[in-house]
Protein chains: 2
Amino acid sequence: MAVTIHDIAKKVGVSPSTVSRVINGKATISSETKEKIFAAMEELNFHPSSLARNLATGSSQAIALIINAEDTKSFANQFFNRSVFGIEKIAQARGFNLIITNDNSADGSPVEQLVYAKKADGIIIPPAIVTPKLISRLRKLHFPFVILGEPAISKNEVNWVDVNNAQGSELAVQHLAAQGYQSIAFIGESQDLVFMRNRVNGFRTGLEAQRLELTDGFIAECDGTHESACQAALALLEKNLRPDAFICSDNAIAYGVISAVKKKGLHIPGEIGVVTFDNYPLALYMEPNLTAVDIDTFLLGEQAAAILFKSIEENGNLQQILINTRLFERESTNRKN
Amino acid sequence: MAVTIHDIAKKVGVSPSTVSRVINGKATISSETKEKIFAAMEELNFHPSSLARNLATGSSQAIALIINAEDTKSFANQFFNRSVFGIEKIAQARGFNLIITNDNSADGSPVEQLVYAKKADGIIIPPAIVTPKLISRLRKLHFPFVILGEPAISKNEVNWVDVNNAQGSELAVQHLAAQGYQSIAFIGESQDLVFMRNRVNGFRTGLEAQRLELTDGFIAECDGTHESACQAALALLEKNLRPDAFICSDNAIAYGVISAVKKKGLHIPGEIGVVTFDNYPLALYMEPNLTAVDIDTFLLGEQAAAILFKSIEENGNLQQILINTRLFERESTNRKN
DNA sequence: AAGGTTAATGCAACCGGTTGCATTAACCTT
DNA sequence: AAGGTTAATGCAACCGGTTGCATTAACCTT
């Protein structure tokens with residue numbers, strides 16, 4: 001049905017191998033033959049079948065990104081698509097396809113399928129699904145993978161890329177201190193998550209660097225909803241020694257904190273400063289608009305893909321990358337105007 | 001290297017065809033043979049190569065979603081990932097992979113690659129890249145495709161799924177009327193885009209249905225930024241006969257409109273009602289939080305994939321689907337409390 | 001001028017499955 | 001009991017490329 005390499009070969013009067021070599025630019029082929037083959041390909045509108053090529057080369061020419069569609073914290077936001085675009089860019093530059101596979105199964109069977117059936121040459125996986133079992137299995141198969149975030153286990157023995165969450169917190173503290181805030185609180189979620197621990201650690205080292213004291217209870221947890229963040233912030237604001245600034249681990253939490261501050265009749269940024277992680281449109285459109293720690297998720301995706309390709313090309317390659325954040329200063333900490 | 005169908009065949013003492021038939025559940029195989037084959041597959045940890053299967057069956061067992069990463073209006077938002085998850089769900093249920101391919105080329109070469117190299121069995125494309133040339137080419141190849149949004153051309157001759165934008169506007173008008181607003185304006189972007197035209201049309205029919213008049217100039221355009229939306233709203237609010245409600249075609253525009261209303265010292269919802277398209281977190285966290293027309297993008301993705309598979313299975317199938325919106329009522333129109 | 005090198009290309013096996021047709025033996029029908 | 005049907009399975013070609021090895025002719029070297 002479709003035009004094959006054999007049709008081209010017959011038309012030009014060469015062997016299929018020669019056509020294959022011309023397509024792939026391998027070996028030395030006389031320019032005369034090359035031209036005739038290119039002309040024939042053009043004329044017959046020939047396009048090599050990736051299906052056949054994949055089988056012959058043993059490569060699917062694809063990488064896969066595993067997601068968990070139910071994990072709205074990680075995937076139902078702007079984080080996700082910018083990363084995807086970054087990954088896709090690197091993949092496309094190499095002629096690879098990007099496959100997206102959802103896996104919220106208990107047994108990880110979708111990932112297993114992908115790996116065993118060789119539907120991808122390598123995978124990018126979220127920290128949430130990383131288990132010792134999965135790691136050892138991928139290792140045994142010499143199947144290249146990279147984790148999109150610092151994993152809770154084996155962090156020195158696997159490839160991963162992450163935002164420098166600690167540096168993000170440090171940046172926030174530094175900026176707040178420069179604006180004259182002195183009693184800073186951090187409101188996040190459960191520290192079961194590595195990125196949250198890293199942010200808290202950065203908060204601590206940031207305070208030390210600025211010679212600011214960490215008041216007891218000023219590292220607060222909530223469940224991530226704005227209501228619970230509001231509760232947590234209210235509790236802190238009602239103390240004798242209340243904070244004069246908050247670092248919030250995402251926009252929803254920041255919204256809750258702002259509500260709490262307003263309820264208390266306090267002024268932002270005059271009396272209370274607020275910095276949030278995640279420089280989403282939300283940060284921009286809230287009132288007041290928010291100083292934010294910006295995470296370059298596009299770059300995160302690019303780096304993840306780059307490491308993965310390195311690992312595909314030279315098995316055994318091991319890399320861990322941290323990407324620094326930047327601070328976008330806005331009304332919520334602008335005490336100086 | 002890897003375990004193949006031949007290894008299983010040899011171990012059990014049958015032909016590879018028999019193993020293939022057992023794997024695919026085709027033909028009638030004695031249960032005795034079946035069991036031996038399954039046991040052998042288990043023992044040798046056999047997994048069929050999708051690469052080989054794809055070549056043999058002439059199917060890539062994948063569908064592709066084409067995106068334009070630079071088109072931030074359509075893809076850099078929540079719209080995107082929920083749709084992706086919906087598409088992926090349907091694909092996975094059929095054992096298909098979902099490929100994401102960015103195409104912001106002038107010549108559409110990434111799509112061409114995908115199609116000619118048979119990297120996918122069908123594609124989902126955004127209206128923005130639909131051209132007569134692309135359509136005729138896909139048609140000629142009998143290559144299944146569906147458009148994720150009503151296309152500007154050939155709307156009756158191709159598969160597409162879209163949000164019922166007109167119905168969304170009608171819903172907004174109906175709600176505003178029920179809340180007692182009588183002089184409603186619509187602020188959107190250029191009507192070059194089909195979805196914008198549909199929203200405007202729905203706005204008109206909605207007004208008629210509610211027996212409300214359309215004041216001259218009350219269909220306003222801006223460039224999509226909140227600043228320009230603010231300008232456009234201010235212009236309307238400074239008229240002798242000012243609107244008492246706004247329907248905004250997205251959250252950024254709504255933010256601009258709110259700024260304008262506040263600048264004029266008017267009260268929301270008391271004096272001015274605001275409804276926005278897109279029920280994003282943004283709508284929830286703005287002040288006041290916004291009554292919003294909700295678009296079920298997950299369902300949109302599911303339906304797009306479903307149509308695509310129908311088209312893959314029975315070539316020539318033709319379907320157009322509109323998905324109705326729902327209204328989430330919030331502070332910005334709540335005149336009654 | 002003879003032996004060695006290199007450029008250009010073909011042969012044939014291979015990647016790992018699927019499937020139309022053929023074959024065999026057991027079972028059914030009247 | 002003979003002819004027809006059906007269940008179970010094998011044969012061999014095929015899907016459309018890639019690649020190691022071999023071959024041939026032209027070119028180089030001393």
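Per chain, numbering begins at 1; letters A, B, ... match sequence-line order.
Note on Thr33(A): only backbone sugar-phosphate atoms sit closer than 4.0 angstrom, heavy atoms only; bases stay farther off. Within the 4.0 angstrom heavy-atom criterion, no nucleotide atom of any strand lies near Val19(B). Residue contacts shown for Ser30(A) are limited to sugar-phosphate atoms, with no base heavy atom under 4.0 Å away. Counting non-hydrogen atoms under 4.0 angstrom, Asn24(B) reaches the backbone sugars and phosphates but no base.
In summary, the side chains of Asn198(A) and Glu150(A) do present a donor paired with an acceptor at a separation below 3.5 Å, with no hydrogens or angles considered. No hydrogens or angles considered: a donor-acceptor pair under 3.5 Å links the side chains of Ser15(B) and Ser17(B).
Shown are Val22(A), Ile23(A), Ile29(A), Asn24(A); of these, the side chain to side chain contact (heavy atoms under 4.5 Å, CB included) with Lys26(A) is made only by Asn24(A).
At whole-Å resolution of the value, NE2 in His47(A) and P in dG16(D) are 15 Å apart. As rounded to whole Å, 11 Å separates atom C1' of dC14(C) from atom NE2 of His6(B). Spacing between atom CD1 of Ile5(A) and atom P of dC15(D) amounts to 14 Å, rounded to whole angstrom units. Look at CG on Leu51(B): it is 15 Å from P on dG17(D), rounded to the nearest Å.
In this structure, Ser15(B) reaches the dG10(D) phosphate: one of its side-chain N or O atoms is under 4.0 Å from OP1 or OP2. In this model, the phosphate group of dT19(C) is approached by a side-chain N or O of Lys26(B) to a distance below 4.0 Å at OP1 or OP2. For dT9(C), neither phosphate oxygen OP1 nor OP2 lies less than 4.0 angstrom from any side-chain nitrogen or oxygen of Thr18(A). Dashed line: the shortest gap from a side-chain N or O of Thr28(B) to OP1 or OP2 of dA8(D) is under 4.0 Å.
On a pure distance criterion of 3.5 Å, a polar donor-acceptor pair joins the side chain of Ser17(B) and the base of dT19(C). No N or O donor and acceptor, one from the side chain of Ser49(A) and one from the base of dC15(D), sit under 3.5 Å apart. One cannot find a donor-acceptor pair under 3.5 Å joining the base of dG17(D) and the side-chain atoms of Arg21(A).
Both distances falling under 3.5 Å, in either a Watson-Crick or a G-U wobble arrangement, place dT23(C) opposite dA8(D). Pair assignment for dT30(C): dA1(D), on the basis of Watson-Crick or G-U wobble contacts that are both within less than 3.5 Å.
Gln113(B) CD: 12 or fewer foreign heavy atoms inside a 6.0 Å radius.
For Leu55(A), counting side-chain heavy atoms from C-beta on, the closest listed nucleotide (dT18(C), dC15(C), dT19(D)) is dC15(C).
Of the possible polar contacts, one joining the Asp121(B) side chain to the Ser60(B) backbone as a donor-acceptor pair under 3.5 Å is found.
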